[in-house]
Amino acid sequence: MVWVLGGHQTDFARNWPRAGLEVSDLVAEVVQETLVDARVDPAAIGVIHVGNAFGQLFTGQGQLGGMPATVDDRLWGVPATRHEAACASGGVAILAAMADLESGRYDCALVLGVELEKTVPGDLSAQYLGAAAWVGHEGQQAKYMWPHMFSLLADEYDRRYGLDDTYLNAIAELNFRNARTNPNAQTRAWEFGPASFTEDDTANPVVEGRVRRQQCSQVTDGGAGVVLVSDRHPRAGSAGAARVDGWGHRTVGLPLQAKFDRSRDEPYVLPHVRRAILDAYGRAGVDSVDGIETHDCFAMSEYLAIDHFGLTGPGESWKAVENGELERGGRIPVNATGGLIGGGHPVGATGVRMLLDAARQVTDRAGECQIEGARRMATLNIGGSTTTTVTFVVGSQDGR
């Protein structure tokens, strides 16, 4: 069993390059504040895992496994590895750390997720992020790769089940609204007019296909960190620690159309995502949770998550939106922190941030974002067009 002792998230509204700061400064804050929150001495860290998707493209800096020791010489000599799985880089870094702990190699791991994306203009940023698709084989006609790809996902849902885009706008509105009470959310101070979550082409213009501006997560700088320990660690199960009860991890081929083709006769559009979730629930021995932190890189990816988590039947995600079930006071709140759309999406950090927020929820440390009575949370972190899927179930000490 693996425990979360604590962690840290940077302010996702901060533009690090504009402040004259670089990736080493970002890593330094995450390392220092994560260790402080977890109350762990650097000498106790046995291994480090760093999630980062596009470091060389945005900053020119690779070999980020060596950055923690560069910014804190108390970590000099500690084994460290960088992991890349596009937007699921943080998720796979956590999985690697858990494997180290569960194997008995180490009893205490530091996991970081970091990304700087505001080092280049927006169009070039979109081009860099497109590296997570099958380059040269899909999306060549699109100016913005990922809005295009998730527009295709929306089209596939529409073809199979019917899809009213009103519900995609409603998901976006909820996540921006939740972000207002998150002190680290990128959009917490943003203002919107009455037409911002409608089909108004001025207030909410189309970006690609049927994806509109407010349905998109933002280009974000930021980082997050957690300290994980095994059952053998003296603080396992201590007051304030959260428990990782289950995990799921599935990887499929890069192209989106191949995913659709393979699921043609399946009830779910992306059955490997459904299986990853069921893997995590099965390992945790549960069939429900009290809240979910899911990957809403676009409103459509949250719409996908709703039915793949089993909150509704396949293709019926609109029912949960319409009935208010995703609200903080609803049946199963989703993205109570604002998710990626409202909270921000520094891609390598997202999976770690989700685990941290889930741990805070089950230990009653989520502040104004707290879901009342939350004792078990789930996360879903995806990379590319769900090419890599990582999911966790996180519980409190007493569980349920």
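Being a predicted model, the structure only gives us computed values, none of them experimental.
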Flag yes if more than 12 heavy atoms outside Arg105 fall under 6.0 Å of its CZ atom; otherwise flag no.
no

Would you check, one step at a time, whether the test salt bridge (Lys or Arg N to Asp or Glu O under 4.0 Å) holds for Glu266 with Arg275?
CA-CA 12 Å; Glu266 299 264 7; Arg275 290 168 192 145; 3.3 Å; yes

Honestly, is Arg14 close enough over Trp16, meaning NZ or CZ under 6.0 Å from the six-membered ring centre and within 45° of the axis?
yes

For the pair Glu368 and Arg328, find out whether any cationic side-chain nitrogen is under 4.0 Å from an anionic carboxylate oxygen.
no

Working for side chain to side chain contact (heavy atoms under 4.5 Å, CB included), residues Asp221 and Glu115:
CA-CA 6 Å; Asp221 294 336; Glu115 206 81 54; over 6 Å; no

Considering only heavy atoms from C-beta outward, does the side chain of Ile48 approach that of Thr81 to under 4.5 Å?
no

Sidechain-backbone polar pair: Lys259 side chain, Leu254 backbone, donor-acceptor under 3.5 Å:
yes

Compute whether any side-chain donor of one residue and acceptor of the other, for Thr220 and Gln218, lie under 3.5 angstrom apart.
no

Backbone of Leu256 reached by a side-chain donor or acceptor of Glu138 within 3.5 Å
yes

Go through the steps to decide whether Lys319 and Glu322 satisfy the test salt bridge (Lys or Arg N to Asp or Glu O under 4.0 Å), and finish with yes or no.
CA-CA 5 Å; Lys319 293 181 178 179; Glu322 185 170 87; over 6 Å; no

Quick one about Ser238 and Arg39 (side-chain donor to acceptor, distance below 3.5 Å, no hydrogens or angles considered), yes or no?
no

Does the gap between the ring centers of Phe176 and Phe197 come in under 6.0 Å?
yes

Do the numbers put Arg235 on top of the ring of Trp3, so that NZ or CZ is under 6.0 Å from the six-membered ring centre and no more than 45° off the axis?
no

Once the angle between the rings of Phe54 and Phe58 is folded into 0 to 90°, is it parallel (under 30°), tilted (30 to 60°) or perpendicular (over 60°)?
perpendicular

In terms of ring plane angle, is the pair Tyr157 and Tyr303 parallel, tilted or perpendicular, where the classes change at 30° and 60°?
perpendicular

For Arg212, is there an ion pair with Glu199 - N to carboxylate O distance below 4.0 angstrom?
yes

